[in-house]
Every structure is written in structure tokens, then in C-alpha cells.
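Report on one structure; see the data block that follows.
Counting starts at 1 for both ligands and their atoms, following the listed order. The analysis underlying the following values was restricted to heavy atoms, covering all of them including side chains, and did not include hydrogens, waters or symmetry mates.
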Amino acid sequence: MTIIDVPASRNYQVIVGENLISQAGSRIKSFRKGVTAAIISDETVWELYGSPLEASLETAGFGTIHYTFPPGEASKNGENYLKILNFLAENKLTRSDVLVALGGGVTGDLTGFVAATYLRGVAYVQIPTSLLAMVDSSVGGKTAIDLPAGKNLAGAFYQPSLVLCDIAALSTLPQEIFRDGCGEIIKYGVLYDKALFDKLLAEGFSFDREAVIARCVELKRNVVAEDEFDTGARQKLNLGHTIGHGIEAQSRFTVSHGQAVATGMAIVASAGEKAGITSRDTVQAIRQILQKFGFPLTTEYSAQQLFTSALSDKKRSGGTVNLVVPRQIGDCILLPTPVSRLQNFIEAGLA
Ligand code: GLY
């Protein structure tokens, strides 16, 4: 088991290890005693892990209630958000109670936003069950729902009180969804850690789950400690995301986030080489690792299509988009790029 302390506007621990769902009650009890725990989950994850989580909470003296919704991004909407708020209000939850998000990124983002706004803020615990949620969305307090105009357009920075990454939960994850999370893990290597990158390149899918997840959480912790509210250093976590967002949006979200970001990394590295920023070796290493994990290196969409979608991305600021461009493995820069030059940049990456 590995414990990582996150210093932010609320300090908390991320615990990575086996069978943490069955320890959730005793761990949550250390900061919330004898109250109601409201578990929020999707129907698939609830089927798999709802009972052991409920049993663990009840053994530790919590009353439990639960709310489930259909799995998938479509549930991360305003209607579902209001339904959960009403569910909590009807069950008379107070600020001494606790919310528990059991599931992947959709559940964590949605529950976090509910927690940030119900009674102007109640405590919540993240129990991520997907690899992507363990290494990224459950840590750092970005909470959100989608609006018809785009993903994550309403949200808040609101840190959890505890994150439990139970790596046993990865055993029930479909291979495609596991691979999606690998895209984010590779991203951490490219951004900050050549040793992590080399390990993934050598070991492929058989990497040590606890060690690698804990390392990624540690890297994210460092970024959140430096820039919790995403005004500078945290923006580097968007490596591959501007072009990736374009691929996701053009595919009407049939291409998964992890795959789109992975392809986005390959394209931005190629464009970076043409701009004299990314070394040739780095482009080759990125292409090699993405191929090892089965990610496509390019996309069927044109630079103009990707540019159009990138413009509606919320990461745009005025007439500039902050692109994240690798120099070497473990060393990336923020490159403020005028919108007028973005399409040419993407074009160069596709060539
Ligand atoms: N997922 C990117 C961030 O937490 O900033």
C-alpha cells in the first residue's frame, strides 16, 4: 500500500493498494463518525462493488443510502446533477454527512460537483474504479458536469477528503477502458518522468499497477500543490488534449478520451519537431510507446476539422491557445499559440 499526501486548500491522502473498498468504512471513520454515507455510482459499478462498500461502511457505524445512474458520459448532465441534489435533500443529508463517489471519471466529476454545491459544500470521498480516474480525475479537485455546449463547462475546484485507489477493481475493467488509462500514464512519463516512460516502454501492459499508479498520483500531487487552480503549471496536464479534444468532438465521442489524447500527443510531437522544439528522438520514442500500447498515431480528421473543434475547447484563452509541446521525454513547454497559427501547427503535425 502507498500513501500520498496532497497539500491543497484541503489536505488529504490518496491511498493506492489492494482491497481498499472493503476498508473504506474504517478509513472514512477516521474523519467522519457515525453519520450517513451517500454512495453515488453508476449501475455497472454498483453491481460489482456496491455491496462490499455498503457492508464496509455499515460495519464502521455509518448509515448508508445510494443513488445510481446509467453508465457513460451522457449521465454527467444538469438533469442528473439536480436529481442527485434532490435525492440528498429528500434524505435530509446534512453537512456532517459524507458523499462517496464509487466509479470512474463521470461518477467522480459529477459527485464532486454535487459535493461542492449541496448545502454550499459537504465532504466527499473518491473511490475511483477505472485506471484513468485513479491517475487523473479523482486527484486534484476538478469537478464538473457537461452542458449541451460542451464537456465540463460547469464545475468547481473542490478537493475530496480522501481518495482510495483499489487496484483490485482494475481486474473487472474492460481492456479498452484499461488502455484508455494507459494513455494518461504515458502522458505523465512524457511530461515529467523519463524513468517512468522507459519502464512503460519496456514493460507494456504488464507494468506494476501499484508502483505506476502511485508514481502518477505523486506527479499529479506535485502539480496540484504548485497550481491548484490551473493558472499555470497545471495546464501542462493538457498535453495532447487540444488536438485530442478535436478528435473526440469530430468523432462525436466515439473515439475515447484516452485514445484521442494519445493520438493528440503523437501529432503535437510531430508538429513540435517541425517547429524546432521537439527532438527527433523524442518524436520517435513517443510514437514507439504509443504503438506498443496499440494507440493510433494519426487521425482521419483534417487539420481544419480539428482546428474548428479545438476552438470550442474551454482551454482557449482569448485569441491564444496554450499548447503543451515536448522538448525531450520528461521536459515539456507551454507554447502560447495565436489562434491564427493553430491550424498550420496542426497541419504540420499531420503531415
Ligand atoms: N485532468 C487535468 C487536471 O486535473 O488538471
Side-chain angles (χ1 to χ4, degrees), residues 4 6-12 14 16 73 76 101 103-113 115-116 124 126 128-146 150-160 163 165 177 180-193 196 212-249 253 256-262 264-265 268 310 313-317 321-326 332-334:
I4 298 130
V6 183
S9 49
R10 174 184 289 114
N11 297 337
Y12 55 99
V14 180
V16 184
E73 187 74 28
K76 212 174 103 177
V106 166
T107 302
D109 286 7
L110 176 62
T111 306
F113 190 45
Y124 77 113
Q126 292 271 19
T129 55
S130 72
L131 181 59
L132 192 145
M134 289 182 194
V135 297
D136 184 26
S137 57
S138 68
V139 180
K142 277 193 181 174
T143 75
I145 56 171
D146 301 335
K151 276 179 73 170
N152 296 330
L153 290 186
F157 289 95
Y158 190 68
Q159 302 294 338
V163 182
C165 300
I177 306 205
D180 236 30
C182 293
E184 292 287 338
I185 289 179
I186 294 167
K187 186 190 80 177
Y188 282 107
V190 176
L191 278 173
Y192 307 115
D193 189 342
L196 172 65
V212 167
I213 293 168
R215 179 62 185 145
C216 293
V217 170
E218 220 171 62
L219 291 165
K220 178 137 190 196
R221 179 273 312 276
N222 297 346
V223 177
V224 170
E226 185 183 343
D227 178 25
E228 178 176 353
F229 298 105
D230 204 12
T231 56
R234 191 166 178 169
Q235 290 175 15
K236 283 197 186 170
L237 294 176
N238 292 329
L239 173 62
H241 279 62
T242 300
I243 295 169
H245 175 86
I247 297 171
E248 269 183 290
F253 296 94
S256 67
H257 178 72
Q259 176 170 319
V261 166
M265 272 193 282
V268 87
D313 189 346
K314 68 181 180 320
K315 289 181 273 297
R316 178 181 167 194
S317 158
V321 176
N322 267 336
L323 291 173
V324 187
V325 185
C332 295
I333 58 162
L334 281 174

Inset, instruction - For the residue pair Asn238 and Thr242, confirm or rule out a side-chain donor-acceptor distance under 3.5 Å. - result: no

Inset, instruction - Return yes if a side-chain donor-acceptor contact under 3.5 Å exists between Gln159 and Glu228, otherwise no. - result: yes

Legend entry - Ion pair check, Lys142 and Asp109, cut-off under 4.0 Å: no

Legend entry - Per-atom contacts, ligand 1 versus Leu237 - under 4.0 Å to a heavy atom: 3 (C), 5 (O)

Inset, instruction - Taking the side chain as every heavy atom from C-beta outward, state whether Leu153 and Asp146 have any pair of such atoms under 4.5 Å apart. - result: no

Inset, instruction - Flag Lys142 as yes when one of its N or O atoms lies below 3.5 Å from any N or O atom of ligand 1, and as no otherwise. - result: yes

Inset, instruction - Please indicate whether any nitrogen or oxygen in Asp230 is less than 3.5 Å from any nitrogen or oxygen in ligand 1. - result: no

Legend entry - Close approach, Asp136 and ligand 1, non-hydrogen under 4.0 angstrom: yes

Inset, instruction - Give the residue, atom name and distance (to 0.1 Å) of the protein heavy atom nearest atom 4 (O) of ligand 1. - result: Lys220 NZ, 2.5 Å

Inset, instruction - Mark yes or no: Arg10 above the aromatic ring of Tyr158, with NZ or CZ under 6.0 Å from the six-membered ring centre and no more than 45 degrees from the axis. - result: yes

